[in-house]
Amino acid sequence: MSEPGMGTTDGMGPTTEVGEHTAETKGTGSDLAVHLDGITKRFPGVVANDDVDLRVERGTVHALLGENGAGKTTLMNVLYGLYEPEEGRVVVDGEERTFDSPRDAIDAGIGMIHQHFMLVDPMTIAENIALGNEPTKWFGMAVDRDRIDRDIRDLCDRYGFDVDPGATVEDVGVGVQQRVEILKALFRGADILILDEPTAVLTPQEVEGLYDVLEELTDQGKTIIFITHKLDEATHAADAITVLRDGKSVGTVRPERTSREDLAERMVGREVLLEAESEPVETGDVVLSTQDVVVEDARGVELVSGIDLDVRAGEILGIAGVDGNGQAELVEAITGLRTPDEGTIAYEGADITEWSRRRRIESGMAYIPEDRHERGLVMPFDLVENGVLGSQRSARFSDGGRIDWTGVRDHTEELIETYDVRPPNADADAQSFSGGNQQKFIVGREFERDPSLVVATHPTRGVDIGSTEFIHDRLLELRREGVAVLLVSSKLDEVQSLSDRLAVIYEGEFIDVTDPDTITEEELGLRMAGHQPGTDAVDGPNAGESR
Amino acid sequence: MRKRFRRTRETLARYPLATALGGLVICLLFLWLTPASWQTSTLRLAVPIALAAIGGIFAEKSGVINIGIEGLLIVSSFSAIIAVYWLGNGTTLGLSNLWWGLLIGVLVSVVFALIFAIVCIEFEADQIIAGLAIWLISLGLAPFASRIVFGSPNTANVALFDDVTVPVLSEIPIFGYLLFDTEPQVYIMLVGALAGWYLLARTNFGRWVVASGENPKALDTAGVDVRKIRYAAVLLSGVFAGLGGAGFALGTLGTFTGTGDTAINGRGFIAIATYLLANYHPLGALVGSFLFAGLNSMQDTLQTAGYGLPTELIRTIPHMTVILVLVLVGRTRLPDAAGDHYESGED
Amino acid sequence: MRERLEGVLERLVRASVFHRVVISVAALFAAVLIGGILVFVSGGFASCRAGLDVAGMTFCYNPMQVYYELFFGALGHPLEVGWQLTNGSLATTLQQMTLLIFAGLSVAVAFRAGLLNIGTQGQLVVGGLATAVTVVYAASIVPDGLIGTVVLIPLGVLAGALVGGFYGAIPGALKAYADANEVITTIMLNFIAVGITSTLLSWRFQDPNSNNSQTAPIPEYAEIPTVPVIGFAGRVDFSLLALAFAVALMIAIAWLFARTSFGYELRMSGTQPEAAAYGGVDEKKMTVASMTLSGALGGIAGAFWVLMVHGRWLENVPSIGFDGIAVSVLAGNGPIGVGAAAFLFGVLESGSSRVGTATDVPPELVGILTGLIILFVAMPEFFRMVGRRYVDVGSAEPVRADGGGSGADDGGENDA
Amino acid sequence: IGGFGGESDAEYQVGMVYATGGLGDDSFNDMAKQGVVDARDEFDLAFDEREPGREGEFPSAQRDFAESGDYDLINCIGYAQAEALGENAPDYPDQNFIIVDAVVEEDNVRSYVFEEPDGSFQVGHLAGLLTDREFAAGAGETNPDASTVGFIGGTESALIQSFEAGFRAGVEHANADVNVVSSYVGDFNDTAQGQSSARSMYQNEDADIIFHAAGRTGIGVFQAAQDEGRFAIGVDSDQSLSNEDFADVILASMVKRVDTAVYNAIESVVNDEFEGGAAETLGLEQDGVSAVYGDEIGGEIPQEIKDALEESRQAIIDGEIDVPSEL
Ligand SMILES: Nc1ncnc2c1ncn2[C@@H]1O[C@H](COP(=O)(O)OP(=O)(O)OP(=O)(O)O)[C@@H](O)[C@H]1O
Ligand SMILES: Nc1ncnc2c1ncn2[C@@H]1O[C@H](COP(=O)(O)OP(=O)(O)OP(=O)(O)O)[C@@H](O)[C@H]1O
Ligand SMILES: [Mg+2]
Ligand SMILES: [Mg+2]
């Protein structure tokens, strides 16, 4: 249900809601932990924050909701002293502040857990937590490591964390890493915690755990601001929600007074379909099958431990799992970026285990990589040059070594138009496009390869609702055309709604392959955390995280 | 095969101190079994390599690859010599002029390091290219200046440091005479290596240096100014390289030769290889420098002992060793952000 | 207004060729300026019979004269009467330019592929020896005269390219299959090249009729012939044919980069190796291939050094390979830019001997200048800052409010 | 555009093309320069210099001087210039050249060669006689129990090997039981390596005296001698004078009078007596090479040794002793 005036766009000032909102509590600004007032932040060519107001009450969880590029991160970076706003005031604890650097913000009791974790991988957890705030002994001549350990233990006890301070960060899972980030902020005495998309990489159980932590923190009087573009999270965990769109604030609401549909509409500015429906389709021959695939890392640890799978034409096989459970390596083995240490991979009946990546591309395997910045695009190249990525030797665009750039350009322009890449400029560098548009371009390039198999990893990661919808539609369309699809995603609703069959991967093995329609999200979450169907926990509570 | 090497290497990396100590023990064993002249030569020749390597570790750990370190060795050794030449024998303000020379050598090296730091940090120059430029400039500047002062690319001779004998300790068998009855620059090297290790491993500055090279953004958001850390680390590399160059000049060379590759003759590049082999461990770098210096002085021993291998071929032994070791122990993991600029607020 | 200006600047920055040229020229000027100051000041410490007296000090060197000799001397003093285009100094300049094009291309190919090949020098050294030895031996079985020329020169160049390519492939393979850092291995291989060639020389290839460490001379007809009439006549060790070949090779490499699948893959590997692997490039093979190509170009530089300049291989090969790094960097690793940069360094090389004879300024000056040029080229940001300041001064005061001030009133309004 | 240095308007112009390694080597090139400086002090003369960094630069360096036509004489220092000069000289028939250390048979070239092996024989003789005795002077002393002497060369070239050959013959002439160790550093500029090499000889082989023919690398030999309290023998110039810091360990130097050659050639040009096409051999007889005792400690060498040296010198001049020039 919708508040009056909330369904429309900009015009309706945030004043109403904020006023209403604050009226429910103390009424004046005195108990506001954070008050951002008329913040404007510009980047060359973009206004990332346009006169944004934000009021966060002490001891509450405040969600910041918005599509990709809405300006959420930027706004928080302003609060954290990373950016200097062109206009506006930052008021913390009733006092107007100018933060020149994160140091100032930290000193004012603000801690920020970034979207991409700010951890030094080869350092230990303790070293990371204390970084920049190390207590010293012997007149500053040495780091007081005992004291760090003691302080960390105290914090863990107080907030119910379970981490091993001596472990190296790169060896622990993302769930633990996130707790490290929170501990880092608490360690330096933060009263106001900013969490930027904290749930993007967590299992539903871990997300629940995080909610508990947040509650614990607010009970202790801490203030939380957390950024998300997931509607459920905002409504579930927050005491108040501020929505940003195109750098502008479109109002603050209380979760109990709004609906998902309404929030979605505010975020996007139009009505959106929240779920794609996959209707059953006739499946054909097996296109891809793997047998006993084993992948080891440099140290000889098994990352993929004997996986068998089949994907048929016209079928979407979904693989769900928490990041880091071997799905990336499995996909790399299938697509030819890595040779499996054991096992065979068959494609359209042929054994392709030893095939090069190029040969696999040429035989019609399309691949949407997990990391678009590293793999999917050559960032400093323009879109024309990126349009031929992977096809640079194919007969379509080259004649024995020479690339037909005119043909490539035509193809690229077609892609841009079909997949609605914005701005539609084929000569712009890939790095100048936003994440969502980059993703659309990659998806288009791979889909238009005329593939017989599509391997799609996190095809909509970091992509906003509108683009997600489009990508899902195209994926279903391909399936209808008889293409085999292997879909890897950590977004449960995505794998669940798109897949015909669903496999859950945990520590390099399939826990279960099921019909996605008969399993609940909770069950799925349990499997992702390593629980075999019908049995109890196979491992301790943190098993899914430390590897 | 490769995997095994890599595993060995990782195990070694996991216990750096033990590895360094193990290396040291092996070294001492060698020392016990080899002629004294080889040992003293090794220690002396190790000075510029070890100190430059430790300097290089700080710069690179902080994310600034300093391949101009050869240039720093050149300018510091040259200016140390010329300072002593100008000051003459004797003392100034109660300090021997040799020590003033050392100080001036270090200062000049720090100035060059500062230029390098500004160019790389402030103006975001490509570090490899800027380092190369610093080397080329030094390679030209030292003989250029020498010609103006002496009319020749080579300087006059100056006095050298005398041995300093530590009472009692020098009586220790096997290596007492080596480590405690030697020249100041050798002490500087030994103490420098220890200090470098301590600074890097035990102080908060050391942690910040590591963080700045691995994930500068993490350090920045933890409230530490990455630029300051990088400046400090590069300047520190100037200090260490300066100590190495000036110590080498005033302890061993006694004169600066400016023709060809100058008296430094590629030792700065060997230093880079050394710290890569040592996987950025200062004590490991010390041991590694013994390896290279030892191979060098072994040539002399082999030749004088009359083993008639072609000289030119023997001279390539250290270089071949570097390649061999690189191949066998595999790639050193560069700090993640080494070579990258960092600007606060960049996404 | 400010955004417009920023847009213009942004576009300038984007227009990479123009941008490169502006930066390179600015770097050259900055280096010349600092070098000039250095020359003038150091003249104050030198001793001379007559100089410029300023404030009780005598300055012996005139920077203007130094640069006059350096830049115009290299062209044979074009402003003086009786100047001929085909003079010896210009020949030396073009000779160096020719060699530097090969060396610069060698470095550029590797750099573009993301490999810091510091080893062009070593590749040139071994390639040159291979050329000399091959031609000397082949000359005994090939008829002399025109046939000899036609057979021996391509054969010699091929030998240089093959051996140089092989020597470049070594660090490539070490990098690809043993993860050995190519900067280190190539630096080491430079030293090793000197050791190996000099051992080979004393073992078998030393010219028995000479006390110098060098191979026997190749026959006269196997040297690169000069073009009659328009070419540089006499004993100048330079051939327009060689320069033409270098330019052709330059264009070929540019074409390779821009138009071919291999060039595309090479550039991609250099820019973003993960993306290249994703796009079907075998990273290891590409590393070996691009290092081999780079080494072959280095070997060709050695071949021309032998076939055009000395007619034999000598120990102590000049540092053409290292200068190639400077050339490539100055050119932003672009093949066409390599030509222009090679010309500049040819001028520096040839002009430096003029400086040596015509002035009292130590010849090491040119080394310093080279270093300064590279240093300035390496920091485009510096010139961008200077440029920006210049632009800003001419524009209206930019609007930039800090957080605080202006927002104060709004707060009250919102609360109301 | 004029330089501040001022143009010279001297009557005679001389061009100097030095050997690689350049000025400041305390030996060969500096000696050549000494010759032209002496001549300048004597005659109305100015000179220009070129210091090629490597052999490949010789042809153009010579040509640059010859091409200008301004020079009355071009002095090419070092055997390595022979081939370049052989090709250049016929192109400039009116230009006078000299070459040192090699013979170029052209009408406009006068060649000066030195009998280095003979001079080296002399210092070898000295070293061979001294190593067996108890001898202390300046900062050094011999070890009478061991009779070993050393030779340290720069690069392993034919010329430097001829120094070693003469030196070995001299040592053997003195006492066939004396052990000679030798080593080539591979570089004329690496002082540190020279030091390390010499140290190894003094310490491990118990060498009493080391003769170096290694340019700047030899400085390292002197330093090691001083450190170890042993002796060294210099080369090319009287190094106890040019490196007086080490005069207390420099027993003698094998002096090669390149300065005389250059001076004489200039003098002949000034007197209009220049005679091209001839080769002049400067040996012990002409004092072109000689063992010159150290300025500081040479006086302490026993007279009977000096007499023995004088005797062998005469024997070489008379052809009674045949000194090898190859190893
Ligand atoms: N460093 C920067 N330089 C230039 N523009 C930037 C920069 N950072 C952000 N922007 C711009 O500001 C806008 C807001 O970005 P911001 O990162 O705040 O979005 P967001 O809401 O956090 O999106 P997401 O949900 O994808 O994280 C972006 O669309 C981008 O155009
Ligand atoms: N450092 C930067 N410099 C210039 N522009 C930037 C920078 N960072 C981001 N941008 C601009 O910001 C826009 C969006 O970037 P942003 O990373 O916020 O997108 P996104 O949708 O959040 O993608 P992702 O989810 O992958 O982070 C792009 O147009 C890009 O040009
Ligand atoms: Mg983003
Ligand atoms: Mg964000």
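FYI, side chains are in, hydrogens and waters are out, and symmetry mates aren't considered; it's all heavy atoms of this structure. In what follows, chains carry the letters A, B, and so on, assigned in the order in which the sequence lines appear, proteins first and then strands, with residues in each chain numbered from 1. Being a predicted model, the structure only gives us computed values, none of them experimental.
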For this session: State, with a plain yes or no, whether a side-chain heavy atom of Val224(B) is found less than 4.5 Å away from one of Leu131(A).
Result: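 With C-beta onward as the side chain, the pair stays apart.
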Which atoms of [X] come close to chain B, meaning under 4.5 Å heavy atom to heavy atom: side chain ones, backbone ones, both, or neither?
X	answer
Ile148(A)	side chain
Ser101(A)	neither
Met123(A)	side chain

Exercise. Does CG in Asp246(A) sit with more than 12 non-hydrogen atoms of other residues, nucleotides or ligands closer than 6.0 Å?
Worked result: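 At most 12 heavy atoms, drawn from other residues, nucleotides or ligands, come within 6.0 Å of this atom.
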Exercise. Around Lys228(B), counting heavy atoms of other residues, nucleotides and ligands shown, do more than 12 lie under 6.0 Å from its NZ?
Worked result: no
Exercise. Of all of Lys184(A), His114(A), Met112(A), which one pairs up most often with chain B through heavy atoms under 4.5 Å apart?
Worked result: His114(A)
Problem set entry | Intermediate values then yes/no, side chain to side chain contact (heavy atoms under 4.5 Å, CB included), Met141(A) and Arg202(B) | CA-CA 8 Å; Met141(A) 292 294 291; Arg202(B) 288 285 176 267; over 6 Å; no
Write down the atom of [X], the atom of [Y], and the distance for their closest heavy-atom approach.
X	Y	value
Ala142(A)	Tyr198(B)	CB-OH, 3.2 Å
Ala222(B)	Arg103(A)	O-NH1, 4.0 Å
Thr203(B)	Val143(A)	C-CG2, 3.4 Å

Problem set entry | Interatomic spacing from CD1 in Ile106(A) to OG1 in Thr221(B) - rounded to 0.5 Å | 7.5 Å
Problem set entry | Inter-residue atom distance Glu214(B).CD - Asn128(A).CG, 0.5 Å rounding |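 CG of Asn128(A) is found 10.5 Å from CD of Glu214(B).
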Exercise. Got a donor-acceptor contact below 3.5 angstrom from the Asn215(B) side chain to the Leu119(A) backbone?
Worked result: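 Answer holds: yes.
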